[in-house]
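Working notes, beginning with the structure itself.
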Amino acid sequence: MTNALSRSDPGRLNAALLAWYDRQGRALPWRVRPEDRARGVKADPYAVWLSEIMLQQTTVPHAAPYWHAFLQRWPTVHDLASAPREDVMAAWAGLGYYARARNMHACARVVSEELGGEFPRDLDALRALPGIGDYTANAIRAAAFDLPASVVDGNVERVVARLFRIETPLPRAKAEIKAAAAGIAASGARPGDYAQAVMDLGATVCTPRSPACGICPWRSACAACDAGAQTDYPRKERKKQKPVRYGVCFHLTRDGPGGAELLLRRRPEAGLLGAMMELPGTDWTEEAPVAEAIAASAPVGADWQEAGRVRHVFTHFRLELDVRTARLAAGDAGPQGRWVSVGALKQAGLPSVMMKAAKLGF
DNA sequence: TAATCGTGGTA
DNA sequence: TTACCAAGATT
């Protein structure tokens, strides 16, 4: 039991990690732990799928409230499938990567209408569904069905790159890492628990900046730790620095029957913030828009006042968004459009950048 | 293969 | 402030 592990012995690595998971693994809202299973609790594939979609590139604390809210509002895949898409998008607002929400809704409709509400167990059948790629298909197989799978997320990439001290930088090393990860995953029983365990190890012990190697169940097998170079792995290519884009948006309010209202519009279907609500405004360009372009983008001719500037960071550029505000005179209905009660702005489903702009206008 | 696609937390 | 990071998928 105290014998040193070897990274060329996948069976013992697998067993050691499972033993660690039984003691130290996290309890997460969507997770069925071994002791839960012993009490007869079974995973709900719909709830598992929902969690995996929300957790793509997203932290547990950020995703968790959304997961609870979605399950409460739409308890089954049929409920979600029959919900209006604008309701789903609004409920997703603030989580980011909005293509996930569009794909999630499309996936729910396929599962509800074509698959009788049952998620597939087959890897290729899962991967064929919208929003489900290689990682998520394996994660659903493992967490929902306890079927053989190899999950490789950012956590696992880090753990495996350190264990084998892989010199190839990401993302080129993905194939090599996947192969190594699959070898260990396939070398034991309890595939569902193993998948959770290897991700937990990366999330709580083998962390990016300050790994807790002293308590790691794989310490005695880890090549990077032997070299005292844990945080040098995984190797990564340098990232490009983000360009800046500039834009102007318009915060127009009027007096409605139930109080003040704000003018919004829906963004185009695809692309950045696709299908989400926004304040009307100019395009976001590398050069600040000129006066003519700004005037042409205003929803109405008015005495626009400068309300301030929103700075927001997207995945591949930074945005500096000037907010201009105006209030229509009493009795002036203003332009056609989606007027939203200011008192219910949170339910309007604004993405974070637009919520910042909306607040700045008051 | 490389770009695109959010957000909030942390060092 | 800047840079990095978090249960990736799609085109």
Side-chain angles (χ1 to χ4, degrees), chain A residues 25-26 28-31 48-67 89 92-104 106-107 126-144 149-159 170-172 174-175 177-178 181 192 194-204 206-211 231 234 236-245 267-276 278 284 310-319 349-356:
Chain A
R26 291 177 294 179
L28 297 173
W30 42 83
R31 176 177 290 179
V48 167
W49 162 75
L50 204 53
S51 75
E52 293 299 343
I53 300 300
M54 289 181 171
L55 286 164
Q56 288 166 2
Q57 296 289 286
T58 304
T59 59
V60 167
H62 194 190
Y66 287 84
W67 182 83
M89 298 308 291
W92 191 277
L95 248 194
Y97 285 134
Y98 296 96
R100 289 185 297 167
R102 303 194 300 270
N103 287 330
M104 176 190 69
C107 180
L126 282 166
R127 287 206 50 166
L129 292 167
I132 298 182
D134 189 53
Y135 162 77
T136 303
N138 279 280
I140 292 172
R141 267 175 65 84
S150 178
V151 296
V152 182
D153 67 341
N155 288 309
V156 179
E157 286 180 346
R158 184 171 58 254
V159 168
L170 286 170
R172 240 189 321 145
K174 280 179 181 290
I177 290 175
K178 272 188 180 182
Y194 176 84
Q196 307 294 320
V198 69
M199 289 190 286
D200 270 16
L201 186 66
T204 66
C206 193
T207 57
R209 296 175 200 273
S210 53
T231 54
K236 293 194 177 180
E237 308 278 14
R238 281 290 170 87
K239 291 182 181 174
K240 295 177 186 172
Q241 86 172 43
K242 298 179 180 186
V244 182
R245 292 186 193 173
R267 290 176 62 88
E269 179 71 14
L272 187 72
L273 307 176
M276 297 301 289
E278 70 170 356
W284 301 342
V310 169
R311 296 169 190 278
H312 193 79
V313 182
F314 291 101
T315 308
H316 56 291
F317 67 93
R318 296 181 302 163
L319 176 66
L350 287 173
S352 292
V353 61
M354 288 299 159
M355 189 58 85
K356 286 186 197 174

Could you check which of [options] has an atom nearest any side-chain atom of [X]?
X	options	result
A/Q57	B/dT7, C/dC5, C/dG8	C/dG8
A/T315	C/dA9, B/dG6, C/dC5	B/dG6
A/P351	B/dT7, C/dT2, B/dG6	B/dT7
A/Y97	B/dG6, B/dT7, C/dC4	B/dG6
A/H316	B/dC5, B/dT7, C/dA9	B/dC5

Spacing of CZ belonging to A/R127 relative to CD1 belonging to A/I140, to within rounding of 0.5 Å:
12.0 Å

Kindly compute the distance separating CZ (A/R245) from CZ (A/F314), expressed to the nearest 0.5 Å.
9.5 Å

Is there a side-chain polar atom (N or O) of [X] under 4.0 Å from OP1 or OP2 of [N]?
X	N	value
A/R158	C/dA6	yes
A/H62	B/dT7	no
A/K236	C/dC5	yes
A/T58	B/dT7	no
A/K240	B/dA2	no
A/Q56	C/dG8	no
A/Y98	B/dT7	yes
A/T59	C/dC5	no

Are [X] and [Y] linked by a side-chain donor-acceptor pair shorter than 3.5 Å?
X	Y	result
A/Q56	A/Y135	no
A/T207	A/R158	no
A/H316	A/K242	no

Would you mind reading off the distance between [X] atom [atom1] and [N] atom [atom2], rounded to a whole angstrom?
X	N	atom1	atom2	value
A/M355	B/dG8	CE	C1'	15 Å
A/L170	B/dA2	CG	P	13 Å
A/L350	B/dT7	CG	P	11 Å
A/L319	B/dT7	CG	P	10 Å
A/Y135	C/dT10	OH	C1'	18 Å
A/W284	B/dT4	CH2	P	15 Å
A/Q241	C/dT1	CD	P	16 Å
A/R318	B/dC5	CZ	P	17 Å

Within the 4.0 Å heavy-atom criterion, would you say [X] contacts the bases, only the backbone, or no part of the nucleic acid?
X	result
A/G271	sugar-phosphate
A/V313	base
A/R26	base
A/G94	sugar-phosphate
A/W92	nothing
A/I140	nothing
A/T136	sugar-phosphate

For nucleotides [N] and [M], find the distance between their [atom1] atoms and express it as a whole number of Å.
N	M	atom1	answer
C/dT10	B/dT1	C1'	13 Å
C/dA6	B/dC5	P	22 Å
B/dG6	C/dC4	C1'	15 Å

Result for 5'-nearest mapping on DNA chain C, choosing between A/E52 and A/P130, is A/E52

Of A/D153 and A/I132, the one whose closest DNA chain C nucleotide lies more 5':
A/D153

Heavy-atom donor-acceptor pair, A/Y66 side chain to A/A93 backbone, under 3.5 Å:
yes

Under-4.0 Å salt bridge between A/D200 and A/R31
yes

What pair of heavy atoms forms the shortest contact from A/V159 to A/G202, and how long is it?
CG2-CA, 3.6 Å

More 5' along DNA chain B: A/R209 or A/H312, using each one's nearest nucleotide?
A/H312

